[in-house]
Amino acid sequence: NFLNGTVESERKGNELLIKTTAYASDAYLLLRTHGEIPVEMNGGSITKVEEDCYLLTVSEENAVVKLLSENMLYYTE
């Protein structure tokens, strides 16, 4: 029952840690990013809804979303 489910989140640097409890299946959350872009998610999936708004489908009890600022330059090898 979705009314009995709980969601907890914590921000650590560029990662958003999400913990769900008492969901029989996937949990669906809207994430407003205010200029950040979710580039990777472990424990679920990301769907862009509109600018700075994303639907997170959390399919595991613990999920992690990696966010990057769209105004910063990044170097990768």
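Note: hydrogens, waters and symmetry copies are ignored here, and every other heavy atom, side chains too, is used. Residue numbers count from 1 along this sequence. Predicted model only: the values in this text are computed from it and were never measured.
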Query raised in the report: Taking the side chain as C-beta and beyond, is there a heavy-atom pair between Leu56 and Ile18 under 4.5 Å?
Result: yes

Query raised in the report: Hey, does the side chain of Arg11 reach the backbone of Gly13 with a donor-acceptor pair shorter than 3.5 angstrom?
Result: yes

Requested in this report: Using the test salt bridge (Lys or Arg N to Asp or Glu O under 4.0 Å), find all partners of Glu8 that sit at least two apart in sequence or belong to another chain.
Outcome: none

**Report entry** With sequence neighbours excluded, residues passing side chain to side chain contact (heavy atoms under 4.5 Å, CB included) with Glu60
**Finding:** none

Query raised in the report: Atom OG of Ser59 and atom CE of Met41: how far apart are they, to the nearest 0.5 Å?
Result: 7.0 Å

Report summary line: For Leu17, the other hydrophobic cluster members (4.5 Å side-chain criterion, sorted by chain and number) are Val64

Report task. Report the distance from atom SG of Cys53 to atom CZ of Arg32, rounding to the nearest 0.5 Å. Result -> 4.0 Å

Requested in this report: Output the distance between atom CG (Asn62) and atom OG1 (Thr20), rounded to the nearest 0.5 Å.
Outcome: 7.0 Å

Requested in this report: Give me the other members of the hydrophobic cluster that Tyr28 sits in, counting Ile, Leu, Val, Met, Phe, Trp and Tyr linked by side-chain heavy atoms under 4.5 Å, directly or via other members.
Outcome: Leu30, Val49, Leu55

Query raised in the report: Which is it for Leu31 and Leu67 under the side chain to side chain contact (heavy atoms under 4.5 Å, CB included) test, yes or no, and what are the steps along the way?
Result: CA-CA 11 Å; Leu31 174 67; Leu67 298 159; 4.3 Å; yes

Requested in this report: Could I get the full list of side chain to side chain contact (heavy atoms under 4.5 Å, CB included) partners for Val39, not counting sequence neighbours?
Outcome: Ile37, Lys66, Leu68

Query raised in the report: What is the minimum heavy-atom distance between Gly43 and Ala63, and which atoms define it?
Result: O-CB, 4.0 Å

Requested in this report: Would you list the pairs meeting salt bridge (charged side-chain N to carboxylate O under 4.0 Å, His left out) in which at least one residue belongs to residues 15-28, sequence neighbours left out?
Outcome: none

Report summary line: CD (Glu40) and CG (Asn14) are apart, to the nearest 0.5 Å, by 10.0 Å

